[in-house]
Every structure is written in C-alpha cells, then in structure tokens.
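Encoded as structure tokens, the structure appears first; notes follow it.
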Amino acid sequence: MCGIVGYIGTQAATDILISGLERLEYRGYDSAGVATVEEGQVNCVKAKGKLLKLREKLEHVVSKAQIGIGHTRWATHGKPEEHNAHPHLNSARTLAVVQNGIIENYLELKEELISNGVEFISETDTEVIPHLISQFLANSTSLLEAVQQTIAKLEGAFAIAVVSADHPYELIVARQQAPLVLGFGQGEFFCASDMTAILPHTRTILTLDNEEIAKLTPLGVEIYNFAGDRVSRFPRTLDWNPVQVEKQGFRHYMLKEIYEQPAVVRICLDNYLNPNWHADEDPDYSPINLGLSPNLTDNLEHIQILACGTSWHAALVGKYLLEQVADIPTTVDYASEFRYSPKPIIANTLTVGVTQSGETADTIAALESERARRANLEPKRQAKLIGITNRPESTIAQIVDRVIDTHAGIEIGVAATKTFIAQVMGFYFLALDLAYRRKTISNSKIGEIIAGLRHIPSQIETILDTQADAIEELAHDFTTETEDFIFIGRGINFPIALEGALKLKEISYIHAEAYPAGEMKHGPIALLDNKVPVVAVAMPGSVYEKVISNAQEAKARDARLIGVTTAMNATEAAHTFDDVLTVPEVDELISPVLAVIPLQMLSYHIAAIKGLDVDQPRNLAKSVTVE
Ligand code: M6R
C-alpha cells in the first residue's frame, strides 16, 4: 500500500504530482506529501488526512519546480501524523525520499544512524533511507551510487523514489518486491506505484522488475540491476482509456463499478467463449478459449487456490465449480496462511493465484514460495501456476505460467465489486475448460451452462433496473441503530454470504458475519434477537429448502429476515422473509453472480446514506502490498 509518484521534465511538477496522487489515493489516504527541487533547495509540504488537506496547503505555494516526488500513505510504522508523512528528508534537508513497503531492518539501521549523531523526526521505517543516502553521498558525487549503496543495506519489500537538491536533474527510483512503473513522455518521465497515475500523461509504460534501479533525467532513463549492471529494457504502449478511471456522473466509484458489471461479463464472454462451438459438433474444438497448454491441465489430481479477501471468496465459488463440474479435488487457502504453513505436496497439482491487483504481498509470496519449494522435485510434483488477475501487467504475471485476465477495467472503489464478478467468471471458464478436456460432464450440459452464462449480463441489468430503488429504501432501516448483521447461505452461495458480509463491514463499519446456514444452530444462533438482521441467500436449487428452514429458525428468534431469491419464488418467500430482494430465474450453478448484486447494492446504500466515504473506507487500501 501507499502510493508513490515522481516527475522530471518541463512542466510544473507539483500539479502533476498532485493529480497523480489523486489517482493513487485508493492505495492509502491517511496523510500525503510532495517534495520538489527548485533553485538548489528541496521544498517539502506534507499534511495529515486526505489529499484534500495537502491541496489546501499547496494553494498558496507558487512553484516552478520541474522535478519532484509525492506520496499518499497507509500507515505501517508510526501513526498517521504529519511528521510521519512522506517525503522524508535527510538532516541537511537536501534530499527527499518516498517509499512504499516496509524496511524490515530499520530499527537496527536507525540505531546505527543515531549512534552516528543522526536525529530522527518520525517513527517511520522510511526515514533511515534519506539519512543513509546522505552518509554515502559524503564520499561520492553520484546520487545513483549512493542510492545503490543504501539499498544494499535495506531488507524488506519496498519501492522508493529519491530527489536531491545537489542533483537537480536526477530522479532515482528502485524496486524490491513492491510495484513501480515508469512512464515515458516527450522530454519528461514519470514513475508511480500504479500506471493509473501516469495514464493522463503518457501510455508508454515500463514496469520496473524486482531488484532494478533507474535514473530518470530530462534526457532519458537508465536502468540497472542491483548488482550495478546496465539493463536494456523497452517500454510498451498501453491501450487503456483514461476515461475508465473517471466517475462518469456516478456519486461514487463503487456505484459506477456495480453498474459496469453487465459490460464486464459481456467482455469476459467475448474473450473466453468460442463463438462457433456447438455441443454436438467437432469433439476436439473446445468451447473455452483460455489458452491453457496441456502441460498445465493434463493429468490433474488436485487444484489449490491461494487468495485474500474478496478474491478468496471468488476462489470458494471456484472450488465448488471445479469440484462439481470438473470433478477435481480443490482446496482454497488464504495466501497469508499458506505462505507460512504450506500444505503437503500433492503430485499433479495446479496452483491458482487469484488477485485483482496482481500485487497483494501475501498472494505473491505464497505463489513464489510454492514455485520455489517444488522446483527440484520430479516433474509431476513441480509447480504449475496460473493467475486470475485484473492487472495482467502486474507482479503476478512474472510468477505464473499463464494469466487469465479478468478484463474488468480499472477498479477504484476499495470494495471490490466488478472484479469479483469477473474472477468468478474466470472460474466458470476454467471449470468448463477442464470439464471439457476431462469429459466429466456431457457436451450438452456444457452447452446449457454456457447458455446460462450468456444470460448473466441482461439478468444483472434487470436487477439494477428493478431493485435499485427498493434496496435504497430498505437501506434506510439499518443506518442508525443496527450494529450487527448475519449473512447465511449454503453450497455455491455460502461464499456470496461471506462476500455480502465483507462488503457491509468494509464500507458501512457495521459488524457482519457470514455462516453456512446449517451452522447457525451450532452456536451463532445465540447472537440473534430483534436487533440483528439476517440476510439469507436463498437461491432455488439443491439446498433451497434447507436455507429456508434455517431462515425460519432465525425468524423464530425474532431476527428481521431479508431474503435474496428469484422472482418466481418471491411470493412463496414473502411468507418467510420480512424483505425480499429478487433476482431473475437462474440455474443454481450460475446463481452466485446474480445473488451478489443486491448485497453489493445494500452495502453501498447503507454506507452512502450514513454519509461514509464509500470509495475510501477508513483503515483500508485497495492494494495490500505489505505483509
Ligand atoms: O488485489 P487482491 O484481489 O489480491 O486483493 C485482495 C483483498 O485485499 C481485497 O479483495 C479486499 O478484501 C477488498 N477490499 C475487498 O473488497
């Protein structure tokens, strides 16, 4: 987390830095700052709180500086206070540093620096960096060399950007496990934690690799590895449209992203379904077009999925599909747990990493360790890795053998919505691809599932068109006194209950728990009374009656019952539920992608009515790039 941005060129740097930080604010927003170099001085302005506060401070500052760095912070070491905000300076205030990541050995380095007489202003891990660079600069005239020497002393995952008053035409950046991209313009160069910060200025981008350091000057970019060798790399031109990152009239990004879901599913269907496939024709022509080579898919005995947060919920839907459709035993682990307690190795395992950002530190580390621990084993025990991600240019792409791009477009709201739907779509395609290759279900069944998938976009549109007002009205009932919610679901819709609860927690700050409906009576039912609403995901199918019975049990304890079910069931459901959120008629196997929509909307409206910061909820960041 944290966002860093840097600029060197011919334009006023501060404006570019601030507009870049606006686009990075989703990465952290407890404080922000910029440092520019002008007339032999480093000018640093910082503010606690959102970027708006920094903007206000800068309103009366006139700066013509053409080089600078900026930072938006998600606190790890030291409270969100102005003195802990980045950039951090050396004692002489001649150089400034921004960092994203964690310097794990900072205490040791800090003690060493203090014993050399250095005074620290902040409690951050980052502040050791400018002091170290400054010490190395005492014996060197090269800023690049001093940064290289400093990096050699740092342990951890980090990305940094450095400017110096004594080297006013150099911006030095480096990357070790934390993301950093460079942007190439006409006589101007950029760096940022995420290319969205750079997109309004250039679409010519280069992603710095791990253990690379770059010197940006008005004349060009030089890249070196940490060993000091010059590296030859070529930027690429993106086809992203900056309009994708605007709110386009919606009150919040999250709402816009909820409404983009039909389009996202259409794009996924267009990309991954073979349009000419027919159930009764050529048996060698696959219905699915994921580009997975046979060495990744043949003889599979086990699939293990690693993910965090909402991606973990998508993985749970995936597990259901991979087991029930493709008949492959599948496990799902939190990447943060798996990396420190990996499962015993099973031969012929496909490992699937799911991460919308492609940068989540735990997911990346779990995948890397999985590859490493299988590296020297016999071939059938070696790692086969694929990634499901919305950012095919991100770090995950460098680790896995194949990426399934979820094509959801940039998601700005911290609460994942359209990327969740797109990840689940990725699992439909993966399960169908494997089912087809392994002949675990008939071609006509595959054809039926595909027909169901093709209906999803218009069905989501129906939900958005017909339910939005009712959901908003319902939301008013929970904005003042409700402190807890329970979500229940079973089978393929238990992950939807989990996802509904997570959405509510993260943006409305209402405590919410999800349980498999059948588990309620084993303990959690003790929580219920008339103050704790229960949301039951009750989609027709194999466990519908069971969920209804479990919902009745909750009702008998005075809980207000909200049901998510299909329109045809609504009359019957009205006897059970106090409030019914309806979705179109759908096969149980496809139902999660519809059932989640009313839950996203309910969370959104509760948070919006409460006047909360829907897109940037407290304590969270979009991309969790620290452990
Ligand atoms: O980028 P990733 O999918 O790896 O992110 C994982 C989680 O941090 C993320 O899903 C988080 O839980 C979201 N805020 C959920 O809305």
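FYI, side chains are in, hydrogens and waters are out, and symmetry mates aren't considered; it's all heavy atoms of this structure. Small disclaimer: the values here were computed from a predicted structure and weren't measured. Read the numbers this way: they start at 1 and go in the same order the structure lists the ligands and their atoms.
- Using a 4.5 Å heavy-atom threshold, the side chains of I597 and Q467 count as separate.
- The closest side-chain donor-acceptor pair between T406 and N390 falls under 3.5 angstrom.
- Residue, atom and distance of the protein heavy atom nearest to atom 8 (O) of ligand 1 are V624 CG2, 3.8 Å.
- The number of heavy atoms from other shown groups lying within 6.0 Å of CD (E81) is above 12.
- Residues S591 and N493 bring a donor and an acceptor atom of their side chains to less than 3.5 Å of each other.
- Ring to ring, Y253 and Y26 are not that close: their centroids are 6.0 angstrom or more apart.
- Here's the thing with T355: one of its N/O atoms is less than 3.5 angstrom from an N/O atom of ligand 1.
- What sits closest to atom 1 (O) of ligand 1 on the protein, heavy atoms only, is S357 OG, 2.6 Å.
- For ligand 1, the atoms lying closer than 4.0 Å to a non-hydrogen atom of S311 are 2 (P), 3 (O), 10 (O).
- Of all atoms in ligand 1, numbered sequentially from 1 with element shown, those under 4.0 Å from a heavy atom of A416 are 15 (C), 16 (O).
- Partner V537 forms a side chain to side chain contact (heavy atoms under 4.5 Å, CB included) with one of V547, L599, I562 and no other, that one being L599.
- In K53, the NZ atom is not crowded: 12 or fewer heavy atoms of neighbouring residues, nucleotides or ligands sit closer than 6.0 Å.
- Nearest protein neighbour of atom 4 (O) of ligand 1, counting heavy atoms only, is T360 OG1, 2.4 Å.
- Looking at H71 and C2, their side chains come closer than 4.5 Å, going by heavy atoms from C-beta outward.
- Numbered from 1 in the order shown, with element, the atoms of ligand 1 that lie under 4.0 Å from a heavy atom of E506 read 13 (C), 14 (N), 15 (C), 16 (O).
- Atom 6 (C) of ligand 1 has its closest protein heavy atom at C308 O, 3.4 Å.
- Looking only at heavy atoms of the protein, atom 9 (C) of ligand 1 is closest to T310 N, 4.0 Å.
- Near A415, with a cut-off below 4.0 Å to any heavy atom, the atoms of ligand 1 are 16 (O).
- Ligand 1 is approached by V414 to a heavy-atom distance shorter than 4.0 Å.
- Ligand-side atoms of ligand 1 in range of K503: 15 (C), 16 (O), range being under 4.0 angstrom from any heavy atom.
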